[in-house]
Amino acid sequence: MQILQNFNKAFESKARLGIMSVLMVNDEVSFIVLKDLLSLTDGNLATHLRALEEANYITFKKEFIGRKPSTVYSVTDEGKTAFEQHLNELEKFIKGG
């Protein structure tokens, strides 16, 4: 179908849709929180986060809380735009074009 060409392949996976949805409504979210919210394994979540990082849709920073390392993620401006466009295309598709 022609309309499917406008969907962003980076967001085809349920996990990536979930990651982006969480990050769109939160300034920062830790790896642990994402893992718990989305019920993903460490490896599965890391793979999807890496793909979104490589697309420049999310960014991360590592910090320490006490003596424990923590990685927090946030969405980039480019990621916000791309995800909003993807959602708009999805809405158009649902409404029939």
Which value, rounded to the nearest 0.5 Å, describes the distance between Ser13 atom OG and Met20 atom CE? 12.0 Å
Reported CD1-to-CZ distance for the pair Ile58 and Phe83, which is rounded to 0.5 angstrom: 12.0 Å
If you round to the nearest 0.5 Å, how far is OG of Ser21 from CG of Leu38? 8.5 Å
For the residue pair Phe60 and Tyr73, does the interplanar ring angle fall in the parallel (under 30°), tilted (30 to 60°) or perpendicular (over 60°) class? tilted
To the nearest 0.5 Å, how far apart are OG1 in Thr71 and CD in Glu28? 11.5 Å
Interatomic distance, His48 atom NE2 to Leu34 atom CG [nearest 0.5 angstrom]: 12.0 Å
State the CG-NZ distance between Leu90 and Lys92, to the nearest 0.5 angstrom. 11.5 Å
Minimum-distance pair of heavy atoms, taken over all atoms of Lys35 and Leu45: N-CD2, 3.5 Å
Take His86 and Leu17 through the test side chain to side chain contact (heavy atoms under 4.5 Å, CB included) and record every step on the way to the result. CA-CA 10 Å; His86 181 74; Leu17 277 174; 4.2 Å; yes
Common cluster, Ile32/Val72, ILVMFWY with side-chain heavy-atom separation under 4.5 Å: no
Between Ala10 and Leu52, which heavy-atom pair has the shortest distance, and what is it? O-CD2, 4.2 Å
Should the heavy atoms of other residues, nucleotides or ligands under 6.0 Å from CG of Asp36 be counted, would the total exceed 12? yes
Could you tell me if the side chain of Tyr57 sits less than 4.5 Å from the side chain of Glu78, heavy atoms only? yes
Donor-acceptor check, side chain of Thr76 to backbone of Asn56, threshold 3.5 angstrom: yes or no? yes
Heavy atoms only: give me the nearest Asn8-Ala82 pair and the separation to one decimal. ND2-CB, 3.9 Å
Common cluster, Leu49/Met24, ILVMFWY with side-chain heavy-atom separation under 4.5 Å: yes
Decide, yes or no, whether a salt bridge links Glu12 with Arg16 under the criterion of side-chain N to carboxylate O below 4.0 Å. no
Heavy atoms, side chains only, cut-off 4.5 Å: are Val29 and Ile19 in contact? no
